[in-house]
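All values reported here derive from a predicted model rather than from experimental measurement.
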Amino acid sequence: MLRFIGAIYFYQGSTAYKPMIVHAGKFSFTLNHPLIMGIINVTPDSFSDGGEFLSHRTAIEHGLKLVEEGADILDVGGESTRPGAEDISVDEELRRVMPVVEALVARNLPVSVDTQKTRVMEEALAAGACMINDVNAMQAEGALEVIAASAVAICLMHRQGTSKTMQLAPHYDDVVQEVRAFLLSRAQAAVIAGIPHSRIVLDPGFGFGKTQTHNIELINGLREFSATGFPILVGLSRKRMLGELTGRSSKDRLAASLTAAIIAVQNGAAIVRVHDVAATKDALTVLIALAPFKERA
């Protein structure tokens with residue numbers, strides 16, 4: 001019988017054990033436990049922490065704090081992708097993120113850069129970033145070629161529409177199957193471009209062109225994504241869907257965010273992208289200790 005937690009697989013009654021590995025530049029992440037990606041938003045307008053880490057010094061200090069708290073990867077972003085967010089120029093995004101990326105890389109830390117711009121990807125890779133987290137799933141001109149010429153990992157996310165339009169009237173006939181099919185098509189495009197399977201992570205994109213009903217269907221159908229054989233990243237931390245469920249503001253959604261992270265991991269997520277690293281680390285440590293394995297449906 002195949003049993004799992006997150007993206008960790010082994011056959012019951014067999015000594016064979018082969019966890020997934022994500023190759024990301026000079027780093028290799030063995031998925032024998034769920035990974036925590038700590039969020040560093042160097043933005044004035046992110047939905048939860050906009051403006052808190054806008055200065056390079058505070059952003060760097062925050063990144064170091066997240067590592068102390070247990071973050072496996074740091075995700076640095078300079079452009080908000082919340083619903084209705086305004087686009088910024090390439091130069092402005094580079095100004096915001098590059099000093100932070102360079103400082104954290106200089107400390108030999110695994111740094112992901114959250115961007116959809118090819119030139120920002122190029123600069124981030126030159127600075128030593130090990131992963132590109134792209135809400136646009138590498139659809140920008142030249143993006144796949146830039147990544148293929150490197151050794152870094154990519155996270156391909158699903159989004160219906162753009163930041164300005166995605167929440168106006170999102171519609172799906174079958175959100176789980178449509179999002180899954182899109183992500184697999186983008187993964188196939190990446191492989192054809194020369195990016196190995198072991199460098200590809202998929203993200204269903206909770207809240208990106210989805211209604212509350214769509215988000216709940218995606219959570220309940222998350223095993224459809226983990227069954228693809230690609231590691232799945234889930235970002236639910238402090239999101240609006242949790243506020244709609246609890247009635248709480250973005251700053252007061254810790255309990256909801258922890259619950260969502262636990263459910264995501266139980267349903268197959270290999271990586272959780274979060275604001276509150278220490279609390280998430282504790283929650284997942286207890287989950288693994290008390291309920292380490294769950295039969296695959």
Side-chain angles (χ1 to χ4, degrees), residues 7 18-31 35 37 72-79 81 87 90 93-94 97-98 101 105 110-163 166 176-206 208-209 218 224-235 268-271 273:
K18 190 176 182 181
M20 282 185 177
I21 298 176
V22 176
H23 296 293
K26 66 179 181 179
F27 298 95
S28 291
F29 299 99
T30 302
L31 301 178
L35 301 182
M37 175 181 276
D72 299 287
I73 311 169
L74 298 173
D75 193 41
V76 181
E79 180 177 37
T81 52
D87 297 337
V90 171
E93 188 172 344
L94 288 169
V97 303
M98 288 312 299
V101 172
V105 167
V111 176
S112 166
V113 175
D114 181 355
T115 186
Q116 53 190 314
K117 296 184 175 71
T118 303
R119 185 179 155 207
V120 176
M121 295 178 194
E122 291 176 317
E123 296 290 336
L125 300 187
C130 72
M131 185 175 191
I132 299 295
N133 181 15
D134 184 5
V135 300
N136 196 38
M138 295 286 155
Q139 295 182 92
E141 183 177 355
L144 284 175
E145 290 76 11
V146 167
I147 300 300
S150 74
V152 306
I154 53 173
C155 181
L156 305 171
M157 196 195 81
H158 175 274
R159 175 180 63 178
Q160 188 178 88
T162 67
S163 293
M166 62 187 181
V176 172
Q177 295 307 318
E178 289 174 46
V179 172
R180 182 180 183 274
F182 170 82
L183 291 176
L184 285 176
S185 72
R186 295 309 301 157
Q188 181 181 27
V191 170
I192 291 171
I195 302 167
H197 184 289
S198 64
R199 288 166 47 196
I200 300 172
V201 175
L202 306 181
D203 178 355
F206 289 93
F208 285 79
L218 284 171
E224 293 284 335
F225 295 90
S226 59
T228 63
F230 291 97
I232 304 303
L233 182 149
V234 167
I271 307 170
R273 182 177 181 272

For F182, check ring-ring contact (aromatic ring centres under 6.0 Å, His included) against everything at least two apart and list the hits. H158
Interatomic spacing from NZ in K117 to CD in E93 - rounded to 0.5 Å: 4.0 Å
Could you go through the side-chain contact (heavy atoms from CB on, under 4.5 Å) check for L94 and R119 one step at a time? CA-CA 9 Å; L94 288 169; R119 185 179 155 207; 3.6 Å; yes
Using the rule given for side-chain contact (heavy atoms from CB on, under 4.5 Å), can you reason through L202 versus F225, listing the C-alpha separation, both sets of side-chain angles and the distance that settles it, and then say yes or no? CA-CA 8 Å; L202 306 181; F225 295 90; 5.9 Å; no
Separation between CG of L183 and CD1 of I232, rounded to the nearest 0.5 Å: 7.5 Å
Looking at every non-hydrogen atom in both residues, tell me the closest pair between A190 and I200 and how far apart they are. CB-CD1, 3.8 Å
Any non-hydrogen side-chain atom of M37 less than 4.5 Å from a side-chain atom of S112? yes
Are there over 12 heavy-atom neighbours, none belonging to Q188, within less than 6.0 Å of that residue's CD? no
Give the minimum heavy-atom separation between A124 and V113, together with the two atoms involved. CB-CG2, 3.7 Å
Quick check: do Q177 and E224 have side-chain heavy atoms less than 4.5 Å from each other? yes
Please tell me if the side chains of N133 and V201 come closer than 4.5 Å, counting only heavy atoms from C-beta onward. no
Side-chain heavy-atom pair D134, I154 within 4.5 angstrom cut-off: no
One should read off an interatomic distance between L233 CG and L156 CG, to the nearest 0.5 angstrom, of 11.0 Å
Tell me which pairs pass salt bridge (charged side-chain N to carboxylate O under 4.0 Å, His left out) where either residue lies in residues 177-204, with sequence neighbours left out. none
Taking every non-hydrogen atom, the tightest pair across L31 and A270: CD1-CB, 3.8 Å
State, yes or no, whether a side-chain contact exists between M131 and C155 at a heavy-atom distance under 4.5 Å. yes
Contact between I132 and M138 at the side-chain level, heavy atoms closer than 4.5 Å - yes or no? yes
Of all heavy-atom pairs linking A127 and V101, the shortest is CB-CG1, 4.2 Å
At their closest point, which heavy atom of A153 faces which heavy atom of V22, and how far apart are they? CB-CG1, 4.1 Å
Any chance you could measure R273, atom CZ, to M157, atom CE, to the nearest 0.5 Å? 9.5 Å
Any side-chain heavy-atom pair of P231 and F29 under 4.5 Å: no
So, T118 side chain and E141 main chain: donor-acceptor pair closer than 3.5 Å or not? yes
For the student: nearest non-hydrogen atoms of I147 and S150, plus distance: O-OG, 2.7 Å
Going from CG on D114 to CD on Q116, what distance comes out if it is rounded to the nearest 0.5 angstrom? 8.5 Å
Is any side-chain heavy atom of V120 closer than 4.5 Å to one of E79? no
